[in-house]
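Please read all numbers here as calculations on a predicted model, not as lab measurements.
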Amino acid sequence: MEKRRLAHAAGLVALTALCWAYGLHLFRAANRPLVAAQQSDGASTERRQTAAAAERPSNGSAVLDDTSDGILTFIHASDVHISKFEAAGGLVHFQHLLHTAVPLIAPRVVVVTGDLTDGKDRRRLTSMQQADEWAAYRRALDAAGATTRFNGTFYRDQRGNHDCFDVPGFDSAANMYRTHSAVGAAGYSLHIRAPFGTYSFVAADACPRRGFARPLNFFGYLDAQAMRVLEARLDEARASSHVFLLNHYPVSTMVYGRHRRPFRELARRVSVVLCGHLHRLAGGIGSQLQTYSARDGYWELEVGDLKEHAAYRVYAVDHDLVSFVDVTLPLPRIPMPNPDLLRAAAPAAVPHPPVVLVTNPKDARYLLPAHEPLHRMRTSSFIRALVWADSPVVSVAVAIDGAALPHPPEYRGRRERPADADAGDAGDVVATPLWVVPWDPAAYDDGRPHVLAVTATDAGGKSTTARVPFNLAAAAPAPLRNGARGGWIMRQSFSAILRTTATASYLLAAVLLVLAPRLFLALRLPRAAVFSAWIARRSVEHREADARLRRLRTALLHLLARRDFLAAAPLPPLKLALGLAAAWARLVVASQFTAQVHFAAVGWLFWPAYFFTMALATLPIFTGRLIPSAGAADGVGSVYAYGVYIAGDWAPLLDSWTYALASIISLTLLLLYLPAAAAPAGLLCSASRLPWYRRLWMRVAVGLFVAVYMAVPVLMTVHTYGVATVLFGYGRAWPLAAAAVALYLLDWRRPVLGSSWCPAFSASPGSTPPSPQLASEGGSETAPR
């Protein structure tokens with residue numbers, strides 16, 4: 001018997017090790033697309049960095065004076081979500097951007113970072129590329145002439161996750177971005193060459209190579225092949241004054257592969273990362289999704305969505321100082337109703353309040369010490385601000401720290417046709433409405449923060465005030481203090497968080513709730529009599545601990561009932577409360593361990609739990625038609641914890657880790673509840689009262705958890721990816737079915753649980769374990785505590 005138990009324990013350990021080794025193999029296979037076969041050496045990397053520094057223009061003699069030279073402006077917008085079903089926002093906001101904001105600002109470039117269309121059905125449950133939405137997007141571009149200005153370089157767009165819903169591949173006919181967008185390529189690089197410098201816009205397409213139907217399409221990734229393209233484009237821009245990296249997904253929601261250099265090294269050439277995707281989240285937690293990477297020297301600035309919030313951002317690069325201002329379209333209602341849906345005609349421009357953007361001195365919160373010539377602010381002779389207005393500006397007032405400057409502002413702006421304008425397009429005009437005020441920067445170069453306020457009023461009475469904190473002595477950005485408004489989210493690496501959390505929680509649940517109790521049973525309770533005696537003794541100990549806990553609680557309540565307990569004896573209540581908490585914690589841990597060991601002895605409960613625990617590491621969470629528009633060969637795939645396997649390739653999506661984490665949470669909660677539900681009533685507490693885990697409210701709560709947290713996602717998965725997700729849903733549908741059966745039997749039927757480990761001991765969830773005296777009659781062994 002002893003050898004048999006030892007062999008059982010060894011076999012269990014060996015089987016678990018084999019499963020985990022195979023899981024490690026799957027993890028490495030899923031992440032193989034992220035790593036290139038060939039890596040570069042450190043010497044070549046250093047040579048590239050040195051060459052980039054040598055080729056970067058210095059333009060050190062430029063002075064911030066009263067001329068409008070040396071200014072580049074562009075607009076950034078994102079998340080248009082043109083929809084054929086939503087009668088507000090979306091298309092009408094996009095049209096007003098093109099017909100109101102763009103003519104007002106007259107920038108050199110307009111960049112839109114993805115989610116051009118919505119790509120969902122009427123009920124918002126499934127996703128597919130809607131040809132009508134793409135046709136409406138193209139009509140809006142053509143009506144505004146956006147795609148032809150500046151020889152086709154004026155308007156730049158790229159894909160977001162909604163633009164690749166249910167798209168088998170970039171060259172697929174389902175990829176309507178390829179035929180209906182302005183760029184039509186997987187990312188791009190645009191170099192604006194001006195007399196005062198070169199400015200590069202590099203866009204990365206982080207959509208999965210195979211676009212899965214939602215909801216399996218939230219996070220982005222760049223595999224080694226995509227990183228090779230990005231690396232080449234950034235190398236082309238090494239001589240630029242500034243490099244703007246555009247991506248639909250924020251860095252925190254990305255998985256970056258590696259070609260020769262990691263993303264962190266490539267990002268050192270980037271001044272600003274422009275992104276979208278998160279909109280403004282909810283409850284104000286996404287109102288300022290911005291962060292500064294001090295280690296790599298770039299700002300990441302997510303712009304609010306155009307779909308619901310009608311938001312866009314105006315950038316100005318003034319003598320290589322990068323500034324921006326957030327603007328909301330001045331519409332009567334936001335989101336603006338659009339009863340005509342995709343048939344909405346191009347609207348007339350609406351009155352727009354002045355847009356004021358201060359470029360010198362620059363906002364101290366957004367300095368770029370690694371990329372900007374900050375010394376120019378200290379040697380400048382004029383305060384500089386751009387003021388765009390749709391009617392003549394009648395007044396501009398400038399004040400520092402509340403005191404008006406002695407000299408009145410003067411207009412030094414102009415509208416001009418740049419050298420790269422299309423000779424046949426009269427609309428290729430860039431506006432630089434510069435207002436300047438003489439100042440003495442030495443008077444404010446005292447190491448203290450100051451506030452500059454610029455108020456512009458136009459002939460229509462519309463007024464805008466811009467307030468800019470500045471510090472001429474600052475060598476690093478001032479604290480933004482936006483952690484609760486989105487900064488914390490932008491600073492995270494959800495790749496590391498999800499992988500670490502899922503792995504750690506899985507290992508803890510597998511070891512503590514499944515393996516350890518079974519091994520304890522095999523090694524410490526090898527015989528039926530020993531097991532029965534141990535159960536009986538633990539039952540007595542738990543009842544005694546429960547009685548002590550009740551006495552402590554009664555004493556604490558009696559003491560608190562005294563009106564003068566704080567004045568008479570403030571320490572005893574605290575000691576009693578701490579003692580009560582400690583006693584409760586010990587009882588919970590000890591009784592849960594007893595329940596887990598008892599659970600491990602019931603074969604029909606333990607072995608399904610063990611199977612589902614190992615299945616999370618080795619089998620797909622579910623298999624189905626992940627790309628419904630593709631055929632069975634290309635559209636059917638399996639979602640593992642580590643990524644998605646489809647058509648012979650792995651997609652290292654972070655979405656799969658969220659699915660795995662959800663399955664781990666449900667499995668862990670069930671592995672904590674089911675052992676308590678399977679234990680006899682007198683095993684964990686006094687048999688004279690109904691334990692909390694047997695009460696009706698608890699059984700109903702657990703049933704609701706299974707129905708809402710487990711059953712609803714299964715139904716959504718079936719609706720989106722087909723019935724195969726039930727047949728092959730090893731990590732979703734199967735655990736749901738097993739949990740429903742177990743809960744029905746334990747919570748409502750209360751069957752007799754014949755222990756496969758100890759046939760001599762058979763107890764129902766409502767019975768009382770045998771006494772230590774009766775249990776010891778079956779053998780003379782001593783039960784371990």
Q) Which heavy atom of Asn247 sits nearest a heavy atom of Gln158, and at what distance? A) CA-NE2, 3.7 Å

Q | Verdict with supporting geometry, Asp458 and Ser391, side-chain hydrogen bond (donor to acceptor under 3.5 Å, both in side chains) | A | CA-CA 6 Å; Asp458 64 12; Ser391 59; 3.2 Å; yes

**Q.** Arg280 vs Ser287, side-chain hydrogen bond (donor to acceptor under 3.5 Å, both in side chains): CA-CA, chis, key distance, verdict
**A.** CA-CA 5 Å; Arg280 289 182 178 173; Ser287 60; over 6 Å; no

Q: Indicate the ring-plane relationship of Tyr177 and Trp134, choosing parallel, tilted or perpendicular according to the 30° and 60° boundaries.
A: perpendicular

Q.
Angle between ring planes, Phe470 versus Trp439, binned at 30° and 60°: parallel, tilted or perpendicular?
A. perpendicular

(Q) If you compare all heavy atoms of Pro477 against all heavy atoms of Arg365, which two are closest, and at what distance to 0.1 Å? (A) CB-O, 3.5 Å

Q. To the nearest 0.5 Å, what is the distance between CZ (Arg159) and CZ (Arg178)?
A. 10.5 Å

Q: Would you name the heavy atoms of Val111 and Phe201 that are closest together and state the gap between them?
A: CG1-CD2, 4.3 Å

Q. Is the distance between the ring centroids of Phe74 and Tyr199 under 6.0 Å?
A. no

Q) Can you tell me if Thr153 and Arg108 form a side-chain donor-acceptor pair at under 3.5 Å? A) yes

Q. Does His162 have its ring centroid less than 6.0 Å away from the ring centroid of His248?
A. no

Q) Can you find a heavy atom in the side chain of Val325 that is under 4.5 Å from one in the side chain of Val355? A) yes

Q. Hey, does the side chain of His93 reach the backbone of Lys307 with a donor-acceptor pair shorter than 3.5 angstrom?
A. yes

Q.
Holding to ring-ring contact (aromatic ring centres under 6.0 Å, His included), I want the full list of residues that pass it with Tyr256, two or more places apart in sequence or in another chain.
A. Phe263

Q | Check: Leu274 main-chain N/O paired with Trp299 side-chain donor or acceptor under 3.5 Å | A | no

(Q) Could you work out, with side-chain hydrogen bond (donor to acceptor under 3.5 Å, both in side chains) as the rule, every residue matching Thr291, not counting sequence neighbours? (A) none

Q: Validate the cation-pi geometry between Arg268 and Tyr298: distance from NZ or CZ to the six-membered ring centre under 6.0 Å, angle to the ring axis within 45°.
A: no

Q | Near-ring test His277/Phe218, centroid separation under 6.0 angstrom | A | yes

Q. Do Asp401 side-chain atoms and Val451 backbone N/O form a donor-acceptor pair below 3.5 Å?
A. yes

Q. Any sub-3.5 Å donor-acceptor pair from His371's side-chain atoms to Gly297's backbone N or O?
A. yes

Q.
Under 3.5 Å, is there a donor on one side chain and an acceptor on the other for Glu300 and Tyr292?
A. no

Q. Between the side chains of Thr100 and His352, does any donor sit under 3.5 Å from an acceptor?
A. no

Q: Output, in order, the C-alpha distance, side-chain angles, deciding distance and verdict of salt bridge (Lys or Arg N to Asp or Glu O under 4.0 Å) for Asp65 and Arg412.
A: CA-CA 10 Å; Asp65 53 18; Arg412 292 289 186 268; over 6 Å; no

Q. Can Ser68 and Arg414 be counted as having a side-chain donor-acceptor contact under 3.5 angstrom?
A. yes

Q | Between Tyr137 and Phe94, ring centroids under 6.0 Å | A | yes

Q) Donor-acceptor pair, Asp318 side chain versus Leu321 backbone, under 3.5 Å? A) no

Q: Considering non-hydrogen atoms only, spot the tightest contact between Ser78 and Thr113 and give its length.
A: OG-OG1, 2.9 Å

**Q.** Heavy-atom closest contact (Cys275 atom, Pro250 atom, distance)
**A.** SG-CA, 3.9 Å

Q. So, the side chain of Arg378 versus the backbone of Asp445: is there a donor-acceptor pair under 3.5 Å, distance only?
A. no

Q. Only one of Arg415, Arg417, Arg149 clears salt bridge (Lys or Arg N to Asp or Glu O under 4.0 Å) with Asp428; which?
A. Arg149

(Q) Return the CG to CD distance between Leu266 and Glu231, rounded to the nearest 0.5 Å. (A) 5.0 Å

Q | Contact summary for Ala77 and Val303, nearest pair of heavy atoms | A | C-CG1, 4.1 Å

Q: Could you tell me whether a side-chain N or O of Glu372 sits under 3.5 Å from a main-chain N or O of Leu368, the two making a donor and an acceptor?
A: yes

Q.
Under a 4.0 Å threshold between the charged nitrogen and the carboxylate oxygen, would Asp390 count as salt-bridged to Lys462?
A. yes

Q.
Please determine whether side chain to side chain contact (heavy atoms under 4.5 Å, CB included) holds for the pair Lys362 and Leu367, giving the CA-CA distance in whole Å, both sets of side-chain angles, and the decisive distance to 0.1 Å.
A. CA-CA 7 Å; Lys362 180 181 173 175; Leu367 301 182; 4.1 Å; yes

Q. Passes side chain to side chain contact (heavy atoms under 4.5 Å, CB included), Ile82 versus Asp118? Steps please.
A. CA-CA 5 Å; Ile82 293 176; Asp118 204 38; over 6 Å; no

Q | Arg491 side chain vs Ser293 backbone, donor-acceptor pair below 3.5 Å | A | no

**Q.** Ring geometry between Phe494 and Phe219 (parallel below 30°, tilted from 30 to 60°, perpendicular above 60°)
**A.** tilted

Q. Are the side chain of Ser240 and the backbone of Val243 linked by a donor-acceptor contact shorter than 3.5 Å?
A. no

Q) Is it true that a side-chain atom of Arg269 and a backbone atom of Arg238 form a donor plus acceptor pair closer than 3.5 Å? A) yes

